[in-house]
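Worksheet: the structure to be examined is printed underneath.
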Amino acid sequence: MTLASPRVSNSKTVLLFPRKVSSIAFAIGGLTSFVIFASLLLFTYPIGSSVTDYFYRTETTQNVQFHHSIDPHSSSDSPPLLTQDSDDKVLPKDSSDSNDVRLGEETKSSNVSMDEEATQDPVETECDLYHGNWFFDPVGPLYTNNSCPLLTQMQNCQGNGRPDKGYENWRWKPSQCELPRFDAKKFLELMRGKTLAFIGDSVARNQMESMMCLLWQVETPVNRGNRKMQRWYFRSSSVMIARMWSSWLVHQFNEPFGFATDGVTKLKLDQPDERIMEALPKFDVVVLSSGHWFAKQSVYILNDEIVGGQLWWPDKSKPAKINNVEAFGISVETILKAMAKHPNYTGLTILRTWSPDHYEGGAWNTGGSCTGKVEPLPPGKLVTNEFTEIMHEKQATGFHRAVADDKLGNRSKKLKLMDITEAFGYRHDGHPGPYRSPDPKKITKRGPDGQPPPQDCLHWCMPGPVDTWNEMVLEIIRRDFEGRQSTPSS
């Protein structure tokens, strides 16, 4: 290596260093710099990788960390609001599922290396979504009663004249993490090419309509439903939202059976609803809702033997073997095991737990009311409802029995319990109450004799607390899909 000629300025020659000494010093310095730089480069980018790879991994990790800062029924017949309402093939699934969208993951500490983050099991970092508190969010709901055309009139509390609106602003905050605000675009991307089905009673309809109202704000879906099943299709992502009616989730019929005559519904508690099993291969995620119809008249059959009934037991000479609460627990275990064992269904099954009602001063048909409740109960002031507690207990027991069935193997991991009962016990303010219709002459308070008109203190206003259920559904789906992607294929 030779240095350039001595610098010439104004015809005067200026020698910086002697040529020989300067040549040697420069060569040694250059060689040392090259060795240090090469060592650092090799340490940072191992053989087989590139600078581009490194920055791609960094961007992906940041996406993974994306985090939103924003935040008893009486023994009489069941409420009139528990009424039944009324399939073409699903379009071919888009096989290009999105693998890079993750929602609501807690931001990891900045001093954790990216290699550690990449290998960390997401299941280990999951927090309990179901214990926490309600906080007032001035931002308010993501939709209004006027921006969702699918909203059932009975849940349109503002449209039906409810004077207060604060119940729309309370959001759920788990104790140990954040529950991200629902992001419709990210939900559609996460569910690309898939179908989510809500199956069950009118509370399932309530939750499905909440999901539709949330999604409707970013895209108007196409109605592809029929009398058997509601189906809404989102073209941009090939996502289908469906709803199936199934009052008890198990096989039901009306024909005479044993000493149970025609005219009363019979339930085979150990057989799943065959309509669900037939439709199941079309679904990728299922949210189940049941329980409240066990207050209605019905006959319970187990192992082809009549073992009990609700509001029905003609043989007074001997007691029934099971009551409606026990029948509920058995039905939950039956449907979950059947779904997990279905040979053509490998989807995610979410059991949403018992949705608490808040009738005070009577039952739905004896003057029970929730008028005047304008905010959640304060922490620690939850009012004990024995019927709610025992129904929740039996439902959870049915779930855990299903999960513990050795015959299910790894399929039991696809059963998830969305335990909303305690948290929503505080939300006595979230029901329509007397605001079930737009009738301006409606009576909003109970009379002195405690008689109806009946109020709806079971379903939920929209927008309102029910929207939180779908924030939880999205988080459960995200965790399941993300866990599946991080599991090495065998």
Would you please say whether a donor-acceptor pair under 3.5 Å links the side chains of [X] and [Y]?
X      : Y      : value
Thr444 : Thr371 : no
Asn169 : Asp137 : no
Ser437 : Gln153 : no
Asp273 : Gln252 : no
Thr366 : Tyr359 : no

So, does [X] use its side chain to make a donor-acceptor pair with the main chain of [Y] at under 3.5 Å?
X      : Y      : value
Arg231 : Ala242 : no
Ser175 : His131 : yes
Asn385 : Thr388 : yes
Gln297 : Leu311 : yes
Asp164 : Gly166 : no
Lys282 : Ala279 : no

Taking the side chain as C-beta and beyond, is there a heavy-atom pair between [X] and [Y] under 4.5 Å?
X      : Y      : answer
Glu389 : Thr384 : yes
Gln455 : Arg436 : no
Cys370 : Glu360 : no
Trp248 : Phe294 : yes
Thr195 : Val285 : no
Asn324 : Lys296 : no
Lys416 : Thr349 : no
Asn160 : Met154 : no

Do [Y] and [X] meet the salt-bridge criterion of a basic N to acidic O distance under 4.0 Å?
X      : Y      : result
Asp480 : Lys414 : yes
Asp429 : Arg427 : yes
Arg275 : Glu278 : no

Pairwise distance [atom1]([X]) to [atom2]([Y]) - rounded to 0.5 angstrom:
X      : Y      : atom1 : atom2 : answer
Thr152 : Glu209 : OG1   : CD    : 3.0 Å
Trp469 : Ile476 : CH2   : CD1   : 12.5 Å
Asp183 : Glu189 : CG    : CD    : 11.0 Å
Asp270 : Leu302 : CG    : CG    : 5.0 Å
Leu415 : Ile350 : CG    : CD1   : 11.0 Å
Leu190 : Leu196 : CG    : CG    : 11.0 Å

### Task
Would you please test Ser210 and Asp467 for side chain to side chain donor-acceptor pair (under 3.5 Å) and show each step?
CA-CA 6 Å; Ser210 164; Asp467 300 321; 2.5 Å; yes
Distance flag, aromatic centroids of [Y] and [X], threshold under 6.0 Å:
X      : Y      : result
His428 : Tyr426 : no
Phe182 : Phe187 : yes
Phe424 : Trp460 : yes
Trp170 : Phe136 : yes
Phe387 : Trp354 : yes

### Task
Kindly assign one of parallel, tilted or perpendicular to the pair Trp245 and Trp293, based on the angle between their ring planes and the thresholds 30° and 60°.
perpendicular
### Query
When the ring planes of His431 and His358 are compared, do they come out parallel, tilted or perpendicular, using 30° and 60° as the limits?
tilted
### Task
With salt bridge (Lys or Arg N to Asp or Glu O under 4.0 Å) as the test, would you mind laying out the steps for Glu333 and Lys337 before giving the verdict?
CA-CA 6 Å; Glu333 182 179 357; Lys337 285 183 177 180; 2.8 Å; yes
Do other residues, nucleotides or ligands put more than 12 heavy atoms under 6.0 Å from [X] [atom1]?
X      : atom1 : answer
Lys173 : NZ    : yes
Lys442 : NZ    : yes
Asn410 : CG    : no

### Task
Please test Leu288 against Val332 for side chain to side chain contact (heavy atoms under 4.5 Å, CB included), starting from the C-alpha separation and ending with a verdict.
CA-CA 9 Å; Leu288 296 175; Val332 170; over 6 Å; no
For residues 259-267, please give each side-chain donor-acceptor pair under 3.5 Å, one per line with the distance, not counting sequence neighbours.
{"from": "Thr265", "atom 1": "OG1", "to": "Asn254", "atom 2": "OD1", "distance (Å)": "3.4"}
{"from": "Lys266", "atom 1": "NZ", "to": "Asn254", "atom 2": "O", "distance (Å)": "2.9"}
{"from": "Lys266", "atom 1": "NZ", "to": "Glu255", "atom 2": "O", "distance (Å)": "3.1"}
{"from": "Lys266", "atom 1": "NZ", "to": "Thr261", "atom 2": "O", "distance (Å)": "2.5"}
{"from": "Lys266", "atom 1": "NZ", "to": "Val264", "atom 2": "O", "distance (Å)": "3.0"}

### Message
What verdict does the side chain to side chain contact (heavy atoms under 4.5 Å, CB included) test give for Trp313 and Ile306, after you've listed the backbone C-alpha separation in whole Å, the side-chain angles of each residue and the deciding distance to 0.1 Å?
### Response
CA-CA 10 Å; Trp313 189 250; Ile306 297 177; 3.9 Å; yes
### Message
Going by disulfide (SG to SG under 2.5 Å), name the pairs with one or both residues in residues 248-326, residues two or more places apart or in two chains.
### Response
none
### Task
Determine the sole option in Arg205, Gln207, Arg352 for which the side-chain hydrogen bond (donor to acceptor under 3.5 Å, both in side chains) test with Ser289 is passed.
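Result: among Arg205, Gln207, Arg352, Arg352 is the only option passing the side-chain hydrogen bond (donor to acceptor under 3.5 Å, both in side chains) with Ser289.
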### Message
Going by the rule side chain to side chain contact (heavy atoms under 4.5 Å, CB included), which residues pair with Leu188 if we only count those two or more places apart in sequence or in a different chain?
### Response
Leu215, Val218, Glu219, Phe234, Ser237, Val239
Is NZ or CZ of [X] both nearer than 6.0 Å to the six-membered ring centre of [Y] and within 45° of the ring axis?
X      : Y      : result
Lys194 : Phe481 : yes
Arg224 : Trp232 : no
Arg162 : Tyr167 : yes

### Message
Using side chain to side chain donor-acceptor pair (under 3.5 Å), reason through Gln271 and Thr334 one step at a time and then give a plain yes or no.
### Response
CA-CA 7 Å; Gln271 294 184 21; Thr334 294; over 6 Å; no
### Message
Test side chain to side chain contact (heavy atoms under 4.5 Å, CB included) on Ile276 and Ile335; report intermediate values, then the result.
### Response
CA-CA 9 Å; Ile276 298 176; Ile335 187 62; 4.1 Å; yes
